[in-house]
Amino acid sequence: MKYLDEFSDPQLAERLLEQIHAVSTRPVAMMEVCGGQTHSIIRHGIDQLLPDRIELIHGPGCPVCVTPLEIIDRALAIAARPGVIFCSFGDMLRVPGSSQDLFSVKSAGGDVRVVYSPLDALKLARENPDREVVFFGIGFETTAPANAMTVHQARRLGVRNFSLLVSHVLVPPAIAAIMESPTCRVQAFLAAGHVCSVMGTSEYPALAEKYRVPIVITGFEPLDILEGVRKAVVQFEEGRHEVENAYPRAVRAEGNLPAMEMLRDVFEVTDRTWRGIGMIPASGWRLAEKYREFDAELRFDVTEIRTAESSLCRSGEVLQGLIKPHECPAFGRECTPRNPLGATMVSSEGACAAYYTYRRLELVDAK
């Protein structure tokens, strides 16, 4: 398969690993920002193949995982209302709110539907003019253009019964917040290739220079990740702190210009709370003033809903790279994919789910 099998070639992987082992002489803690990269690393055992002095730290790059609890509770409140069709991607349905999830609302009679595109939700709104249709718009810069285009289309077509529950977050402010933390151990970053395919690379050189860390834009297949690690290690060993693109087949320096223009039109930057981390200034998007009538939080008056995190769940520390998932006492006990305490155990990109799926028996046997 084009661009899949070629980037899983074991012989090429072995050659890259030899190069990494040859160049690595000093301990380095490296954070992969994207949850998709985390799953690839754990699934393929990449972290176990690297020299012991290279530590991969799992960052807050899972969009489902960083969606704050109060937004989940607002989604639940909206979805439970009569006359509402609440649409979401499937990975949000089992994310726990403070007392239930969207599956629970659906089983209680709420009209909760899985869609594969926000445009599907807009189509439902046009087909059901007597119902309010809400789409749960979460994610990083990768998924934001499709949501922006859908709101733009709703305004252009005059579809007034459609709205968007927005929880979009931005990667560069999160990198800055991680580096500003007094407990930060990160010395290099593997940046998320899909985010940069939309936004380009222009926001990263200032971060690399300010915090003196190598930033390598990386893909998601095993060879992508190994090449990203190799480039980051070479920079670290040479004392350089630059931005390098190790994912040129998908990422251009200028990004996707039409997508970025749509984002600037529909959204504006705002402070955003990250689940388990807290508020990061200027780290998210909300609908711009001319699109504010499509804001589901305002339409359904749920902005005052505030909730507290579980005292057992340590997903916030996992998202900040302070602990590994299995170091949480609830991991695999009170917290499992069937009974999750936090979103990192539910999401297909969550670090806890990756450890549970690919490492659980190994970790249990080691105790």
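Keep in mind it's a predicted model, so treat the numbers as computed, not measured. Residues: numbered from 1 along the sequence shown.
If you look at Phe86 and Phe136, their ring centroids are closer than 6.0 Å. Taking the ring centroids of His58 and Tyr355, they lie under the 6.0 Å cut-off. Under the 6.0 Å cut-off for aromatic ring centres, Phe135 and Phe89 qualify, their centroids lying closer than that. In this structure, His168 has its ring center no closer than 6.0 Å to that of Phe140. If you look at His194 and Phe220, their ring centroids are closer than 6.0 Å.
Minimum heavy-atom separation, Val186 to Met179: O-CE, 3.7 Å.
Salt bridge Glu227/Arg230: present, at least one basic N to carboxylate O contact under 4.0 Å. In this structure, Asp265 pairs ionically with Lys290, as a charged nitrogen and a carboxylate oxygen lie closer than 4.0 Å. Ion pairing of Asp111 with Arg131 is present here, as a side-chain N (NZ or NE/NH1/NH2) and a carboxylate O approach within less than 4.0 Å. A salt bridge links Glu289 to Arg292: one of the charged nitrogens lies within less than 4.0 Å of a carboxylate oxygen. Using a 4.0 Å cut-off between a side-chain N of Lys or Arg and a carboxylate O of Asp or Glu, Glu293 and Arg160 qualify as a salt bridge. Taking the charged nitrogens against the carboxylate oxygens, Glu132 and Arg81 have no contact shorter than 4.0 Å, which rules out a salt bridge.
Using bins of under 30°, 30° to 60° and over 60° for the plane-to-plane angle, the ring pair His152/Tyr291 lands in the tilted bin.
Shown here is Glu261, whose CD atom has no more than 12 heavy atoms of other residues, nucleotides or ligands within 6.0 Å. Counting heavy atoms of neighbouring residues, nucleotides and ligands inside a 6.0 Å radius, atom CZ of Arg53 exceeds 12 of them. For CZ of Arg240, the number of neighbouring non-hydrogen atoms (other residues, nucleotides, ligands) closer than 6.0 Å is greater than 12.
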Take Glu180 and Lys210, measure what salt bridge (charged side-chain N to carboxylate O under 4.0 Å, His left out) needs, and give me the verdict at the end.
CA-CA 11 Å; Glu180 295 283 352; Lys210 179 177 181 179; 3.7 Å; yes
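A donor and an acceptor atom, one from each side chain of His241 and Gln235, are nowhere located under 3.5 Å apart.
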